[in-house]
Amino acid sequence: MTDATDKRMSLAEASALVRDGDTLVAGGCCYSRTPWAMLLELLRAERRDLTLARNLMCYESELFLASGAATKLVASWVGIGLKWGIPKVFREYVERDPAIYEEWSHLSFGLRLLAGSMGMPFLPTASMLGSDLLERTPAVEMRCPFTDQKLVAVPALVPDVALIHVQRADPAGNAQIDGPVYMDVEFARAAETVIVTAEEIVSPDEIVRTADRTAIPGFVVDAVVEVPFGSYPHECHGRYEADFDHFDAYAELVERDGVEGVQAYLRENVDGPGSFAGFLDKVGATRLLEQTRRARELVAA
Amino acid sequence: MTDATDKRMSLAEASALVRDGDTLVAGGCCYSRTPWAMLLELLRAERRDLTLARNLMCYESELFLASGAATKLVASWVGIGLKWGIPKVFREYVERDPAIYEEWSHLSFGLRLLAGSMGMPFLPTASMLGSDLLERTPAVEMRCPFTDQKLVAVPALVPDVALIHVQRADPAGNAQIDGPVYMDVEFARAAETVIVTAEEIVSPDEIVRTADRTAIPGFVVDAVVEVPFGSYPHECHGRYEADFDHFDAYAELVERDGVEGVQAYLRENVDGPGSFAGFLDKVGATRLLEQTRRARELVAA
Amino acid sequence: MSDATPVELMTIAGSRLLRDGRVVFAGVGAPLEASVLAKRLHAPGLTIVLEGGSIGPRMLPGRLPVSTNEMRAAHHASMLTSINDLFLYGQRGHYDYGFIGAGQLDQYGNVNTSFIGDPDRPKVRLPGSGGANDIVSSCREVMIMTRHEPRRFVERVDFITSPGYLTGPEARRSAGLVRNRPVAVVTDLALLGFDEETGRLRLDALQPGVTQQQVQANTGFELLVSDAIDELAPPTQQELQELRRLRDGDPTDVPETRKVTSAP
Amino acid sequence: MSDATPVELMTIAGSRLLRDGRVVFAGVGAPLEASVLAKRLHAPGLTIVLEGGSIGPRMLPGRLPVSTNEMRAAHHASMLTSINDLFLYGQRGHYDYGFIGAGQLDQYGNVNTSFIGDPDRPKVRLPGSGGANDIVSSCREVMIMTRHEPRRFVERVDFITSPGYLTGPEARRSAGLVRNRPVAVVTDLALLGFDEETGRLRLDALQPGVTQQQVQANTGFELLVSDAIDELAPPTQQELQELRRLRDGDPTDVPETRKVTSAP
């Protein structure tokens, strides 16, 4: 391997690839395989004026709004999960200024990134036809040039940076994903810059042995960071289950204290520990091991 | 498993799902993972007026033309491989009547199937712009509704039947592919009827254990046939290498005898043996084992 | 089984609508529970698909997913794929049923999960479409499951997140929604269908012991009424036990449908 | 190395054009051999991609592929994907070089691999585009490699399978081909570039010992000529040995570039 293809760096170094004003897309889905460590690193680096795009968004939505990092969210749904409902502070922000949350249908959102990843400025779909969503997005109606049927054209989304968390990658960025791939492949292909965090960095030979499992080719990747438990307290398929107790505590805090609850959460989990490793220490080994045990119960056939 | 989800049958039973006049798409690519056993079975069943579509077509092109099974070919390239050049009888047929071979660029062909698999009547591309291919296909130029840039719209292709050969499938048709997937997933998703032949039929539990490797879901599949060496003399990734000696002999025969050479090949390899198993017996175990040994040399990391 | 809760009544009624050998795209919560129940009881060949990319999962009792994309939603699936592909199978027409919940819906089956009040100055911002809009725009037969309350059943939704018949079948057709249609709304009080001519909701059957008046009183618009209103059969003991086991039950308990898959 | 064959001369000259750390989409045959040679000699970080879905393969000496989609083309790849995805990475702009062969090409770099003669009554039907049209429509810098013969270098191709400059840069732009451009044609006699103003082929450098007159005599149209024509350096012993080992060599021999990947 040449130096040119070794893209390993630290979270802090990778965060320098994100500039104020960028449009970011974060992989995974809701509380699954979220690039949580990288998201927290951007909060720590105090990036500003970001647009955060994610198909189903969890409570990173309100961390980014309340910290002042993001000024706009693009998604098809924002909520922590069935049990906890819609994040309260997010709601407050959006009810004050509905324009900061641009809502798409789930597939329409995905097709915007698929268009970007195909190098096309748009893609057609049957979603959003007849709905009020259509009027509040840049999507437009169009006719098929062959059948004349009515369709919706969604414009490509080409994010400045994609943040992707995977189970394994080699130093050049060839990345493999276990379980559902969500929209990560489209995100990585569409974005101008791609930051991959991985549960483990493996040798190129390990990737070669299972090349038909590689989801993201190294040539689209700009940074590779090894971050075990990099999605925690969200889940990572096959590795650890989401920490619902952590969500419960967060939801309770925010229910009680609103924006100040979010600030308190950030102080305790981002600024206080000073690093993601520090955050994991705070969580403690016992808890991390328990979450990995629970994951094994679910993926064992 | 219920009877409803057990789709196992014989090659002959599966061939009854193909009707005269159908448009077929055959998976794999050129001489790789071709559904060869199923293609020969259709010749044996004397189907007629077929349109055979395949992105890169090997000498099944002239078997289908010379036997009278196909009256039209749709592809981006027809040839046996660099070493053997363009099939001679195919050339004779097409030079007599150029309309029987509809030529697309490789990606345009693939996007027609991707459109079909997405349930969309068309997809946009930058391929074929400025070329003479554009005028000889139903593709049309269009403008992006957002950027006004010039693009090509390719119409969806929804085949009547897709023939797909895979390494493994369960009785319900959940199918897994080792190595490159070529266009098989798009073919299977787009087609009205899907016939899967598999090197081996495995238990549903084996599929479940590696669910993120499943390429084709059972609900699109209509028939599952276990056919070891089902691509032979073409290759099957990780299982056996293509039999270039067989290709040499074929090419020599056709070079010498033209259409009659093709007829002789069919008599010897299709009608004579009477079944695909009979054909494999004719090839002989020694040869099959040698081809599997050669495949292991290539896939071992 | 008089001790069934309203949500249980609704879930069990929903499960009975799903036929064997079909494919159902289910939303998380009650639609998913109804689908799992159907698969365990009368439709072993039903394929469940979930938004996060999970095809054919079987739920571990006591470990139902809280979101459609998490590990518990992927448990024992035959295929785990991308979200776009999961939806595009639907847009291609491969899904027989689309089964969703609804925050607010109107007499034409239009669903709102975006805004209560004026979208530009909303009283309440709801979570958004998620996959609901895509499901109702593509799955062949669309079914909606929701508690039957006046605040949910409104004359006209504040915002159409997921279109039903819009203002009628012609409006739906001319909007381009020509591939599929809404067919049923299942609630804790009733089973509703859609009138073919007007596209309006029609009372087809009552949950056990519920009266037509009760249903109308809990509906914020005038319901059409079928010529012959059925009464739904009460939940059987088996249905109720199985549903409860699913939610709270012993996760190490291997379901029947899983056992028989071990040999081809 | 005076014993280099014309094809070897051409292949080695082609390999030198490829820079380290880039991505090349190579056609099977000489372009692939040039790419593999570059990777083994001066560009270890070059990523080769092949039409059949193979990303980053390393060829086993003596087992070069005869088609871009077979196992030998997938050997030691880092990623094996679908054909559409392989091409769409190109359409997205991820490939630095597109490197193809040509049956017939003209003064604007337009390539014909479809018909000799009138397409409606062809004298010869050629195999077709394959991926060539897509490669020249998407890869940032397009390079063509072919033997230098008058029957190949024609004033105007009978059929444009894969567009070069069409009739000039403005024609190319207005056809919508705005993302990329043809940059070089490598032959056994010369290295040719394209004149920026007219889009016509221009003689930039000669293979060792070849004269400008020889090149023109083997070209079926008038070539533009660079102000300062270079002479290409002759193949080094290392280049020639490596190329021959690739074609005929010991397949059990592990190349340098492979050894060093064993530890991260």
Side-chain angles (χ1 to χ4, degrees), chain A residues 28-32 55-56 58 75-86 90-91 94-95 98 101 103-108 110-111 113-114 125-133 136 141 149-152 179-186 235 237-238 241-242 244 295 297-299 301, chain C residues 28-29 51-54 60 63 65-77 80-84 86-88 90-91 110 112-115 119-134 137-138 157 159-163 166 171-172 174-179 251:
Chain A
C29 187
C30 194
Y31 56 72
S32 299
N55 44 330
L56 303 188
C58 195
S76 78
W77 186 88
V78 181
I80 299 181
L82 199 62
K83 185 180 166 191
W84 304 274
I86 188 168
F90 160 77
R91 251 191 64 186
V94 178
E95 286 166 11
Y101 170 30
E103 178 186 350
W104 295 79
S105 80
H106 202 169
L107 175 59
S108 302
L111 292 175
L113 276 300
L114 183 59
T125 179
S127 280
M128 302 209 300
L129 282 168
S131 76
D132 288 337
L133 289 173
R136 296 180 73 85
E141 286 190 350
Q149 73 187 94
K150 202 183 265 188
L151 298 167
V152 167
V181 290
Y182 308 126
M183 293 185 182
D184 293 43
V185 174
E186 290 87 338
E235 69 161 30
H237 186 96
E241 201 174 29
F244 288 171
E297 287 176 359
L298 288 164
V299 293
Chain C
V28 75
E51 202 163 334
S54 179
L60 213 51
R63 300 283 284 273
V66 183
S67 177
T68 51
N69 35 266
E70 56 145 300
M71 257 186 288
R72 298 187 289 191
H75 181 70
H76 213 271
L80 297 172
T81 185
S82 81
I83 291 173
N84 275 335
L86 196 288
F87 278 108
L88 291 171
Q91 193 171 268
N110 302 309
N112 175 18
T113 49
S114 299
F115 301 97
D120 290 318
R121 304 184 57 85
K123 225 168 70 188
V124 184
R125 173 70 231 200
L126 302 171
S129 160
N133 172 282
D134 310 298
S137 305
S138 68
V157 289
F159 185 88
I160 299 180
T161 309
S162 305
L166 298 171
R172 185 173 167 89
S174 70
L177 293 159
V178 293
R179 308 144 173 254

Holding to ring pair (Phe, Tyr, Trp, His ring centres under 6.0 Å), I want the full list of residues that pass it with C:F87, two or more places apart in sequence or in another chain.
A:H106, C:F25
Residue set satisfying ring pair (Phe, Tyr, Trp, His ring centres under 6.0 Å) with A:Y31, at least two apart, ordered chain then number -> A:F244, A:F247
Hey, which of A:V94, A:I86, A:L107 has the most heavy atom pairs under 4.5 Å with chain C?
A:L107
Nearest-0.5 Å distance, CD of residue A:Q149 to CZ of residue C:R179
5.5 Å
Starting at SG of A:C30, measure out to CD of C:E51 and round the result to the nearest 0.5 Å.
10.0 Å
Minimum heavy-atom distance [X]-[Y], with the two atoms named:
X: A:L56; Y: C:G130; answer: CD2-CA, 4.2 Å
X: C:G176; Y: A:L129; answer: O-CD1, 3.6 Å
X: A:S105; Y: C:D134; answer: OG-OD1, 2.6 Å
X: C:E70; Y: A:S32; answer: CA-OG, 3.5 Å
X: C:T161; Y: A:S131; answer: O-CB, 3.7 Å
X: A:E186; Y: C:N84; answer: OE2-ND2, 2.9 Å

Stepwise, does the side chain to side chain contact (heavy atoms under 4.5 Å, CB included) test hold for A:R136 with C:D120?
CA-CA 10 Å; A:R136 296 180 73 85; C:D120 290 318; 3.2 Å; yes
Need one label for [X]: side chain, backbone, both or neither, based on atoms under 4.5 Å from any heavy atom in chain A.
X: C:S174; result: backbone
X: C:R172; result: neither
X: C:V124; result: both
X: C:S82; result: both

A:D132 versus C:P119: any side-chain heavy-atom pair under 4.5 Å?
no
Looking at chain A, which one of [options] has the largest number of heavy-atom pairs inside 4.5 Å, strictly under?
options: C:P122, C:G53, C:S162; answer: C:P122
options: C:S138, C:A74, C:S114; answer: C:S114
options: C:T113, C:T68, C:N69, C:L126; answer: C:N69
options: C:S129, C:A175, C:P127; answer: C:P127

Tell me, for [X] versus chain C, whether the close heavy atoms (under 4.5 Å) come from the side chain, the backbone, both or neither.
X: A:W84; answer: side chain
X: A:N55; answer: side chain
X: A:E95; answer: both
X: A:P98; answer: side chain

Between the side chains of C:Q91 and A:T125, is a donor N or O closer than 3.5 angstrom to an acceptor N or O?
yes
